[in-house]
Asks: 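Encoded as structure tokens, here's the structure I'll be asking about.
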Protein chains: 2
Amino acid sequence: MDQPITSAALRAIRRVLRAADQGGRKLASVTGLTPSQLLVLQEIEQRGETLPSAVAASLQFGQATVTNIVDRLEAAKLVTRERGTSDKRQVVLRITEQGRAVLENAPDLLHKRFKIGFNQLPAWEQAMILAGLERLGELLDAGEIDAAPLIDSGVIDRDLAPELRRQDRDTNR
Amino acid sequence: MDQPITSAALRAIRRVLRAADQGGRKLASVTGLTPSQLLVLQEIEQRGETLPSAVAASLQFGQATVTNIVDRLEAAKLVTRERGTSDKRQVVLRITEQGRAVLENAPDLLHKRFKIGFNQLPAWEQAMILAGLERLGELLDAGEIDAAPLIDSGVIDRDLAPELRRQDRDTNR
DNA sequence: TCATTATTCTTCGGAAACCGAACTACAATA
DNA sequence: TATTGTAGTTCGGTTTCCGAAGAATAATGA
């Protein structure tokens with residue numbers, strides 16, 4: 001059905017995704033910083049001084065999510081929350097020294113693994129990979145997809161599920 | 001610090017990751033199948049008849065996680081659970097007709113978006129992207145990384161956090 | 001054969017990521 | 001001033017993961 005090259009590419013993508021995921025998980029267990037937290041932290045560092053809404057927009061997270069994550073970062077003293085002066089509705093986020101230190105010492109593992117290998121590749125190959133990735137990025141976030149043509153074909157019934165589960169299994173023993 | 005090309009590549013990777021994530025989330029809201037569920041389902045389909053442990057190993061999930069996900073898939077009747085005959089500790093997973101149908105109708109959006117764009121690219125570019133991706137996959141899951149050199153530099157104190165949070169904010173008003 | 005050890009899976013409890021909807025301040029506008 | 005808009009937060013809910021402990025069954029060895 002698919003071109004072989006297409007599905008090979010898909011497999012490769014999934015592999016990359018999985019690797020990223022795993023790396024993140026491991027990172028979390030070691031540093032106490034989850035991937036999302038790291039992302040937010042990086043975002044804040046890059047911008048120097050931002051608003052939660054900006055972070056949310058850029059990371060495509062909901063505001064609620066950002067609040068949540070910033071809560072943790074603040075508790076860990078990696079980030080500062082301060083009410084805006086001109087517009088008091090706003091909240092200004094700043095990274096702390098500690099935050100910066102964490103970013104230095106805990107480049108996420110994806111980053112790390114990647115860098116190690118990548119730097120060893122010949123330049124042409126680096127260029128090729130980069131070009132491919134960028135193309136891919138374009139493909140993937142090109143415009144909103146219409147998520148229409150997915151008919152109701154056996155969708156999960158969330159309310160029914162829990163009961164069914166236990167019951168089904170018990171009758172099975 | 002990093003070569004510019006390295007960090008460009010990293011940005012590109014993150015972009016791809018984010019796109020995948022978003023796509024997955026959207027998919028979930030439409031079909032009721034989350035990305036992980038889809039992965040497990042696909043895995044079961046491919047293998048035709050498997051054990052949870054095999055799925056877990058291949059997807060690099062914990063057993064508990066697989067149990068959890070299979071619970072949902074089973075409740076949705078996309079998958080069948082049956083005790084093994086020769087070894088009764090085992091559980092045999094099979095995809096149902098419905099499950100197959102769902103896989104057909106709900107190729108995940110990543111897949112979909114990707115296919116659309118990808119197929120339109122000239123062959124050489126497809127080849128290039130593929131090569132880049134595969135190289136990347138190798139880089140990323142090359143061997144276990146030693147997650148050692150991450151010193152305790154401002155790690156989150158999980159127990160302290162929740163209290164701090166609320167308190168800090170209240171004093172802030 | 002019986003007891004011990006291993007295995008396969010499930011259950012339980014817990015952290016975190018997300019989100020939408022309701023809500024609170026504050027700002028801007030008419 | 002009254003209304004409408006905007007920035008963040010809170011609340012409640014779902015899902016993903018995991019580790020540890022448990023139950024059932026197999027395999028092993030004395």
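Proteins come first, then strands; the chains are lettered A, B, ... in the order of their sequence lines, and each starts at number 1. In this text the structure is predicted, and so the values were computed from the model without any measurement.
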Asks: Partners of A/Q90 by side-chain hydrogen bond (donor to acceptor under 3.5 Å, both in side chains), sequence neighbours excluded?
Replies: none
Asks: Is it the case that one hydrophobic cluster holds both B/L59 and B/L73, taking links as side-chain heavy atoms less than 4.5 Å apart, direct or via other members?
Replies: yes
Asks: Excluding sequence neighbours, so at least two apart, what forms salt bridge (Lys or Arg N to Asp or Glu O under 4.0 Å) with A/E134?
Replies: none
Asks: Using atom CZ of A/R83 as one end and atom P of D/dA7 as the other, report the distance to the nearest whole Å.
Replies: 13 Å
Asks: Between atom CG in A/L73 and atom C1' in C/dA17, what is the gap in whole Å?
Replies: 13 Å
Asks: Can you measure A/L38 atom CG to C/dA17 atom P for me and round it to whole angstrom units?
Replies: 11 Å
Asks: Can you sort out the partners of B/A54 under side-chain contact (heavy atoms from CB on, under 4.5 Å), two or more places apart, ordered by chain and number?
Replies: B/R47, B/T50
Asks: Holding to side-chain contact (heavy atoms from CB on, under 4.5 Å), I want the full list of residues that pass it with A/Q63, two or more places apart in sequence or in another chain.
Replies: A/P52, A/S53
Asks: Rounding to an integer number of Å, can you tell me how far A/R81 CZ sits from D/dT9 P?
Replies: 5 Å
Asks: Nearest-Å distance, CG (A/D71) to C1' (C/dC18)?
Replies: 14 Å
Asks: Rounded to the nearest 0.5 Å, how far apart are CD of A/Q98 and NZ of A/K77?
Replies: 8.0 Å
Asks: Output all residues satisfying side-chain hydrogen bond (donor to acceptor under 3.5 Å, both in side chains) with A/E49, sequence neighbours left out; order by chain, then residue number.
Replies: A/R94
Asks: Give the rounded distance in Å between these two atoms: CD of A/E74 and C1' of D/dT9.
Replies: 12 Å
Asks: Please check the phosphate of D/dG8 (OP1 and OP2 only) for any side-chain N or O of A/S53 closer than 4.0 Å.
Replies: yes
Asks: Could you encode protein contacts along nucleotides 16-22 of chain D as a string, one character per nucleotide from 5' to 3', using B for base contact, S for sugar-phosphate-only contact and - for no contact, with a heavy-atom cut-off of under 4.0 Å?
Replies: BBBB---
Asks: Atom pairs under 3.5 Å, N or O on each side, protein against nucleotides 28-30 of chain C: can you list them with distances?
Replies:
none

Asks: Using whole Å, what does the distance between atom P of nucleotide C/dC18 and atom CG of B/L17 come to?
Replies: 12 Å
Asks: Checking A/S58 now: which residues fulfil side-chain hydrogen bond (donor to acceptor under 3.5 Å, both in side chains) with it, not counting sequence neighbours?
Replies: A/E43
Asks: Round to the nearest Å and state the distance from B/K88 atom NZ to C/dT10 atom P.
Replies: 17 Å
Asks: Not counting sequence neighbours, which residues clear side-chain hydrogen bond (donor to acceptor under 3.5 Å, both in side chains) with B/R89? List them please.
Replies: B/D87
